[in-house]
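Okay, so here's the structure we're looking at.
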Amino acid sequence: MEKKSAKVQVRYFSGYIRNYKALCAELGIEPSLPREAREEAILTAAYEKWGTSLPDHLYGAFAIALYDTEKQITLVFRDQVGQKQMFYAVVGGELFCSGDIDAVVADSHIEKALNKRMLQQYLFYGYPIGEETFYEGVYKLRPGHYLTFDGEKLTDTRYFKPQFEPDSSKSVDDFAKEIEDVVEEILSEERGDTELPYKESFLSGGVDSSYLLAASDAQGANTVGYVESGFDESALARRTAEILGKKISVKMISPEEYFDRLPVTIDKMGQPLGDASAVAFSIGCAAVSEHAKVVYSGEGIDEFFGGYNAHKREIPSDWVYLTCSHIMSEQVVRSLMKDYDPAVKAEDPVRELWDEVQGQDPLAQKLTVDISLWLEGDIYLNTDRTSTACGIELHTPFSDLRLFNVARRIPAAYKFMNEQNKYVFRKAASTKLPDEVAFRKKVGFPVPVRKWLADERFNKPIEEKFFGETSQKFFDQDALRELWTSFIGGEEQYWGRIYAIYAFLLWYDLKF
C-alpha cells in the first residue's frame, strides 16, 4: 500500500523514473500504484533513505522540489545531465521554482526585467548558457546540482560532474559489447513500463535514432522532410524504417509552416533559442502527438561519445573551448550591441569548468564542457519544452547515466576511428543495424532556414522585425543593416547570426 510520508512533501516533479520497479522493490513500494502516486511514494521514501544522495539512485529524467518538514528546508534537484528544465528565484524569503520559466516569472512577487548580460552571452553562443537566464534575478539550476533553502540561506551544491577516465585495458569490441548490454538494460526497463504500452520514436538519417528504433519497443517512426535537396533526411529515414520493418510517418515542412510556427516555438521555449532545428522539432512533435503520446528520441550520444566535427578540431593552448556552438565573436557582438559590456566575456560561463579539465585528453575536455553547457542549454531546452508544449512525454534512453558511465571510460582513439566519429558506439549499433546504417556519415538535423531567410518571398516579416522598434532598443542599426545586406547579398554563413537575433526580437516582443 502507498505510505504517506510525514517527513517530506513532494512540491514539484517533472520527468519520469525509468528504474521504478527496482526502486519499488528496494523501498517497499507497491509497483502497481497509479503512476503519480507511485512516483510520489518513490521520491519521499528515497529521500528518507538516502537524503540528498537521492539523485544517485534515480535513472530517467527529473526536476524535483521537496520540502523536509522536520528540517523545514526546501530541496530542489535536477538530473545529472539536465534533461528536464528547472528555474528558480528567491524573493522576500520565499523560493519560487518550476521547470517552466514563465511560471516563475509570472508570480506577482517577481519583478520582470531583462538581463542584458544574458543577451550578450546569447549572441556569443546562440543559446542561453550557464545558470543566468534572460530575466534578472531568475536562475537556472545547473545539471547535476541541488539547492537547499531554509527561508534565509540558499545553498547550491554540485553532486555530479561528467568526468572522463579512459580505460585502455579494454578493446573496442569489449566496449561495444558493454554498450550493447547497457542499452538492453535501459530499454528493458522502458519495455517493462506496461502503463505506457504504445510508443513511437523519432528517426533521422543517423545512427543514434536508428539504433534506438531497432533496439526499443517503438512501434513506429516519425521524421520531418523538406523539398530542398541537401537538407532532407526523410529518404534515409524511410530506408532505415523499411530495413527494420517499422511503419514511418513523414511530416514535410514548408517555409510558410516553419515561419508560422516560429513564434509559437519561441513562446513555449520560455527563452530565446538560436537553434533553427527547434521549430522543425516542434512541428514534428505536433504531428506525432496526433497518434502517440510517448515518444523516444536519441539525444545524448554525440556529447557522450564525440559526435561533432568540433570534437576533432585542435584547440590552441591559449584558447578556451566555447562549446560546439559559438556563433559570434566578441568583436561582432560589440559592433552589434548598443550597450555592449566589455566586462561580460564569452568565456565567462566556461572558464571555471575549462580550468577543471586541464590535464585531461583534449576530447574529454570538450565533451565535459558540451555535456555541462551545450547539451542542457540548447538540446534539452529544445526537446523538453517543445515536447511538453505539444503534450508529448519524450523519453531519451541514450541520455541515461548508465550509458554515460560506459562512455566516460572509452579512450578517445576508440571514439574517432577509421574516419568515423563515435566509432565504438557505431560498432555496438551494428549488432542491430546493417553497416550501411550503423556507419552512415553524420548528417545532423539540418533545416533549410539559411535558404528561406534569404528568399524575399518569406523574409519580409523577418526584415521588418530586424529593423523595428524593439531592434532599435538593443542593436546598432547600421551594423545590423550591414549584416543583413551581406547575408542577402550571398554571404550565407551569416544565417545563424540573423536567426539568433530574430529569435531574440520575437521572444522579447512576446514577453515584454
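In this text, all values refer to a predicted model and were calculated from it rather than measured experimentally.
- Side-chain atoms of Phe416 and Tyr423, non-hydrogen and from C-beta on, never get closer than 4.5 Å to each other.
- A side-chain donor from one of Asp275 and Ser277 sits under 3.5 Å from a side-chain acceptor of the other.
- Under a 4.0 Å N-O distance rule, the pair Arg239/Glu436 qualifies as a salt bridge.
- Of the charged side-chain nitrogens involved, none lies within less than 4.0 Å of a carboxylate oxygen, so that Glu228 and Lys451 do not count as a salt-bridged pair.
- Taken to the nearest 0.5 Å, the NZ atom of Lys460 stands 10.5 Å off from the CD1 atom of Ile462.
- Between the CG atom in Asp509 and the CD1 atom in Ile266 there is a gap of 12.5 Å [rounded to 0.5 Å].
- No hydrogens or angles considered: a donor-acceptor pair under 3.5 Å links the side chains of Ser209 and Ser204.
- His311 places a side-chain N or O within 3.5 Å of a backbone atom of Tyr308 that can act as its donor or acceptor partner.
- With respect to the salt-bridge test (charged N to carboxylate O, under 4.0 angstrom), the residues Arg351 and Asp355 qualify.
- Counting non-hydrogen atoms of neighbouring residues, nucleotides and ligands closer than 6.0 angstrom, the CD atom of Gln472 exceeds 12 such neighbours.
- Looking only at distances, no side-chain donor or acceptor of Asn115 sits under 3.5 Å from a matching main-chain atom of Phe134.
- Taking the six-membered ring where the residue is Trp, the centroids of Phe77 and Tyr146 are separated by under 6.0 Å.
- Considering only heavy atoms from C-beta on, Thr323 comes within 4.5 Å of Ile129 through its side chain.
- Atom CD of Gln163 is separated from atom CZ of Phe160 by 9.0 Å, given to the nearest 0.5 angstrom.
- Put simply, the side chain of Arg426 gets close to the backbone of Ala438: a donor and an acceptor are under 3.5 Å apart.
- Taking the six-membered ring where the residue is Trp, Trp452 and Phe259 present perpendicular rings, their angle passing 60° and hence far from 30°.
- For the pair Ile64 and Met86, the tightest heavy-atom approach, listed with the atom from each and the gap, is N-CE, 3.9 Å.
- A cation-pi arrangement is absent between Arg409 and Phe164, since the terminal nitrogen or guanidinium carbon is not both under 6.0 Å from the aromatic centre and inside a 45° cone about the axis.
- The distance from atom CZ of Arg385 to atom SG of Cys390, rounded to the nearest 0.5 Å, is 11.0 Å.
- Between the side chain of Ser329 and the backbone N or O of Val332 there is at least one donor-acceptor pair closer than 3.5 Å.
- Ile501 places a side-chain heavy atom less than 4.5 Å from the side chain of Leu480.
- One finds no salt bridge joining Arg457 and Glu256 here, because no Lys/Arg side-chain nitrogen approaches an Asp/Glu carboxylate oxygen to under 4.0 Å.
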> Does the pair Met337 and Phe474 meet the rule for a side-chain contact (heavy atoms from CB on, under 4.5 Å), with working shown?
Replying inline: CA-CA 6 Å; Met337 286 189 71; Phe474 299 105; over 6 Å; no

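- Within the 4.5 Å cutoff, the side chain of Tyr258 has no heavy atoms near those of the Pro448 side chain.
- Pairing each heavy atom of Ala218 with each of Lys246, the nearest pair is O-NZ, 2.6 Å.
- No donor-acceptor pair closer than 3.5 Å links the side chain of Lys465 to the backbone N or O of Tyr502.
- The backbone N or O of Gly205 lies less than 3.5 Å from a partner atom in the side chain of Glu233, making a donor-acceptor pair.
- With respect to the salt-bridge test (charged N to carboxylate O, under 4.0 angstrom), the residues Arg440 and Asp435 do not qualify.
- Taking the six-membered ring where the residue is Trp, Tyr122 and Phe504 present tilted rings, their angle falling between 30° and 60°.
- Checked by atom type and distance alone, the side chain of Thr386 never pairs as donor or acceptor with a backbone atom of Thr383 at under 3.5 Å.
- Nearest heavy-atom pair, Phe87 versus Gly99, reported as atom, atom and distance to 0.1 Å: CE1-O, 3.6 Å.
- A distance of 9.5 Å separates CG of Leu367 from SG of Cys324, quoted to the nearest 0.5 Å.
- Two rings, from Phe202 and Phe281, have their centers less than 6.0 Å apart.
- Using the six-membered ring where Trp is involved, Phe512 and Tyr508 have ring planes that are parallel, under 30° apart on the 30 and 60° scheme.
- No side-chain donor-acceptor contact under 3.5 Å links Tyr125 to the backbone of Trp374.
- Judged by distance alone, with hydrogens and angles left aside, the side-chain atoms of Lys312 form no donor-acceptor pair with the main-chain N or O of Gly306 at under 3.5 Å.
- Closest of all the heavy-atom pairs between Tyr340 and Arg334 is CD1-CA, 3.4 Å.
- Tyr159 has its side chain within reach of Gln80: a pair of non-hydrogen atoms, C-beta onward, lies under 4.5 Å apart.
- Shown are Lys112, Lys511, Lys268; of these, the salt bridge (charged side-chain N to carboxylate O under 4.0 Å, His left out) with Asp102 is made only by Lys511.
- With Gln365 contributing its side chain and Gln360 its backbone, the two residues share a donor-acceptor pair below 3.5 Å.
- Put simply, the side chain of Ser98 reaches to within 4.5 Å of the side chain of Tyr12, judged on heavy atoms.
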Return all side-chain donor-acceptor pairs below 3.5 angstrom for residues 392-406, not counting sequence neighbours, or 'none' if the list is empty.
unit_1 : atom_1 : unit_2 : atom_2 : d
Glu393 : OE1    : Arg35  : NH1    : 2.9
Glu393 : OE1    : Arg35  : NH2    : 3.2
Glu393 : OE2    : Arg35  : NH1    : 3.1
Glu393 : OE2    : Arg35  : NH2    : 3.1
Glu393 : OE2    : His395 : NE2    : 2.5
His395 : ND1    : Glu190 : OE1    : 2.8
His395 : ND1    : Glu190 : OE2    : 3.2
Thr396 : OG1    : Gln83  : OE1    : 2.6
Ser399 : OG     : Glu299 : O      : 2.9
Ser399 : OG     : Tyr380 : OH     : 2.5
Asp400 : OD1    : Arg402 : N      : 2.8
Asp400 : OD1    : Arg402 : NE     : 2.9
Asp400 : OD2    : Arg18  : NH1    : 2.7
Asp400 : OD2    : Arg402 : NH2    : 2.9
Arg402 : NH1    : Glu185 : OE2    : 3.2
Arg402 : NH1    : Glu189 : OE1    : 3.4
Arg402 : NH1    : Glu189 : OE2    : 3.0
Arg402 : NH2    : Glu189 : OE1    : 2.7
Asn405 : ND2    : Leu401 : O      : 3.4

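- Considering only heavy atoms from C-beta on, Lys415 comes within 4.5 Å of Ile410 through its side chain.
- Using a 4.5 Å heavy-atom threshold, the side chains of Glu347 and Glu330 count as touching.
- By the 4.0 Å N-to-carboxylate-O rule, Asp476 lies too far from Lys338 to be salt-bridged with it.
- Of all non-hydrogen atoms in Ala241 and Ile248, the two that sit nearest each other are CB-CB, 3.9 Å.
- The shortest non-hydrogen separation linking Asn222 to His291 is OD1-CE1, 3.1 Å.
- Contact check on Arg117 versus Asp341 returns no salt bridge, with no Lys/Arg side-chain nitrogen under 4.0 Å from an Asp/Glu carboxylate oxygen.
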> Please walk me through it: do Phe425 and Phe304 pass ring pair (Phe, Tyr, Trp, His ring centres under 6.0 Å)?
Replying inline: CA-CA 10 Å; Phe425 179 80; Phe304 290 1; 9.9 Å; no

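- When only modelled atom types and interatomic distance are considered, Gln493 and Glu491 share a side-chain donor-acceptor pair under 3.5 Å.
- Comment: Asp79 does not engage Lys84 in a salt bridge, judged by the lack of any side-chain N to carboxylate O separation of less than 4.0 angstrom.
- In this structure, Phe475 has its ring center no closer than 6.0 Å to that of Phe466.
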